[in-house]
There are 2 protein chains.
Amino acid sequence: MDQSHPPFAVTVDVVLLTIRTGDLSVLVVRRGEPPYEGRWALPGGFVRPDEDLDAAAVRELREETGLSSGFHLEQLRTYGAPRRDPRMRTVTVAYLALAPDLSAPRAGTDAADADWRPVATLLAARTRLAFDHDEILRDALDRARAKLEYTPLATAFCADTFTIGELRRVYETVWGTSIDPRNFHRKASKTPGFLVPTEETTTRDGGRPAQLFRRGSLELLNPPLTRG
Amino acid sequence: MDQSHPPFAVTVDVVLLTIRTGDLSVLVVRRGEPPYEGRWALPGGFVRPDEDLDAAAVRELREETGLSSGFHLEQLRTYGAPRRDPRMRTVTVAYLALAPDLSAPRAGTDAADADWRPVATLLAARTRLAFDHDEILRDALDRARAKLEYTPLATAFCADTFTIGELRRVYETVWGTSIDPRNFHRKASKTPGFLVPTEETTTRDGGRPAQLFRRGSLELLNPPLTRG
DNA sequence: TCAAAAGTGTTAATTCTACACCCATGT
DNA sequence: ACATGGGTGTAGAATTAACACTTTTGA
């Protein structure tokens, strides 16, 4: 079984999704050096010699956004085609991250050349992302859509407290569908452990004041909130 | 973003699950050298310099079982804790494979020290697998269980043709539950695209002859066949 | 003839879907 | 007053879950 240990470079890349101005958007950075200089890419970088993979992903995220908490992060999958990086044999562990709209509180954004782009626009564009990042982005989108269905992950796109209407618009944005607000309200509010009610209400969405909720501690939605 | 490219070793490990004598079982190999010499481990090995990750997993599977087709294979996740391998910094890409009972047709099994062990026994045992393979096995079991629910993956445990009763016993074995045979029969046979009927029947399970089916080409089961 | 597993029928409970309708606010 | 989104009620359709019953084989 043993034979040799050819050296690989190992990187992490992060697909950070958020909802901005009604679009599901992803954070991309412009590459400042070859290969693919000047092209948009997913934020990422080399894993350090003593660093865990998850820790590397968290670090990259913090370096690009200033965020160190308040987001969801999970491993997506690993990409290692022999020539995916022209410089050397590189394997990248891709992560999927979901966060609320960070428009306002971006602090430590050292990368001036970082930007949010609507996912749909990027995937439809003829200009491709660097490396195999288009493929990674497509896989991330698939994963995010699938997980909304059977986990409470949609709340990761919402602020600390949110209304049921805001939560519904997350589903509508990510799936590109429309959902009956009344039935959705019933399902969401009656699923035990999904939403934790607060005492407060808000009128920020217009109309009648809506109750504010916090994320529950649920792991799985069974049955799913809405059938795809 | 760039800094240095510390060298990593990259391996693949395969969790090959099958159903043998009524137990969900996994293929393990006995390590012939340090570290963890003499301990059971998941089959796996180093990715070759010009080899794709998926190809490496297929190769390992073939080396251990002689199988080169007729199984399901998907990437599970990647494990890269800094000291998971005492020899060097090693990242392993774990794969989940599902196959029918291979008791009979094992051909090129070069590894004399390979064996099938019931998953439940392994996870309950105080003797641990090598490296972090216990964790990988647990994750694989979780994934397999979850995917049975919303994909037609259960058929991967069945032979080329199979009865609905055999398929039901797959679910019962993997989940450790019992399912009403009559309701299951209805759901399975009425889900379009799930099962392809053949002209043949069999009495190999005893009782009245049962119709034989082949896997359909369906990707997703919606709604799920059985709620967990 | 009996046991065993396949397969069909039926019914009550639950859940889904599509609405009608009222509520409480900002403008 | 009215537009806007929040929230509740309800009825028909569809699905689920539980179980009676018939069918076809091997022993």
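Residue numbers begin at 1 in each chain, while the letters A, B, ... track the order of the sequences.
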Can you list, pair by pair, the side-chain donor-acceptor contacts under 3.5 Å of residues 70-77 of chain B, counting residues two or more places apart and other chains?
| residue | atom | partner | partner atom | Å |
| --- | --- | --- | --- | --- |
| H72(B) | NE2 | E74(B) | OE1 | 2.7 |
| E74(B) | OE1 | K147(B) | NZ | 3.2 |
| E74(B) | OE2 | R143(B) | NH1 | 2.6 |
| Q75(B) | OE1 | R77(A) | NH2 | 3.0 |
| R77(B) | NH2 | Q75(A) | OE1 | 2.9 |

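If you check the side chains of T173(A) and D23(A), you find no donor sitting under 3.5 Å from an acceptor. Side-chain contact check for Y79(A) and D13(A): no donor-acceptor pair (N or O, by modelled atom type) lies under 3.5 Å.
Spacing between atom NZ of K190(A) and atom P of dC16(C) amounts to 12 Å, rounded to whole angstrom units. In this structure, I164(B) places its CD1 atom 13 Å from C1' of dT8(C), rounding to the nearest Å. Distance N222(B) CG to dT15(D) C1': 13 Å, rounded to the nearest Å. The NZ atom of K187(A) sits 15 Å away from the P atom of dT14(C) (whole-angstrom rounding). One can place CD1 of I179(B) at 12 Å from P of dA18(D), the figure rounded to the nearest angstrom. Atoms CG (D180(A)) and C1' (dT8(D)) sit 12 Å apart, rounded to a whole Å. As rounded to whole Å, 13 Å separates atom P of dT17(C) from atom CZ of F184(A). The CD atom of E172(A) sits 12 Å away from the P atom of dG5(D) (whole-angstrom rounding).
One finds no side-chain N or O of H185(A) lying less than 4.0 angstrom from the OP1 or OP2 phosphate oxygen of dG6(D).
For the salt bridge (charged side-chain N to carboxylate O under 4.0 Å, His left out) test, no residue two or more places apart in sequence or in another chain qualifies with R39(A).
With dA18(D), dC21(D), dA20(C) as the candidates, the nucleotide lying closest to the side chain of R186(B) is dA18(D). Checked against dG6(D), dC21(D), dA6(C), the side chain of R182(B) finds its nearest nucleotide in dC21(D). Checking dG7(D), dC16(C), dT16(D) against the side-chain heavy atoms of P223(A) singles out dC16(C) as nearest.
Using a 4.0 Å heavy-atom distance criterion, R204(A) is classed as making no nucleic acid contact.
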- Query: Passes side chain to side chain contact (heavy atoms under 4.5 Å, CB included), L212(B) versus R204(B)? Steps please.
  - Reply: CA-CA 11 Å; L212(B) 283 166; R204(B) 66 190 178 212; 3.5 Å; yes
- Item | Evaluation steps, salt bridge (Lys or Arg N to Asp or Glu O under 4.0 Å), between D205(B) and R169(B) | CA-CA 11 Å; D205(B) 300 322; R169(B) 282 182 279 275; 3.6 Å; yes
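Ion pairing between E149(B) and R145(B) fails under the 4.0 Å rule for side-chain N and carboxylate O.
Judged by closest nucleotide on DNA chain C, R169(B) is the one of R169(B) and N183(A) placed further toward the 5' end.
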What protein N or O atoms touch nucleotides 24-27 of chain D N or O atoms at under 3.5 angstrom, if any, and at what distances?
| residue | atom | partner | partner atom | Å |
| --- | --- | --- | --- | --- |
| dT24(D) | O2 | R208(B) | N | 3.3 |

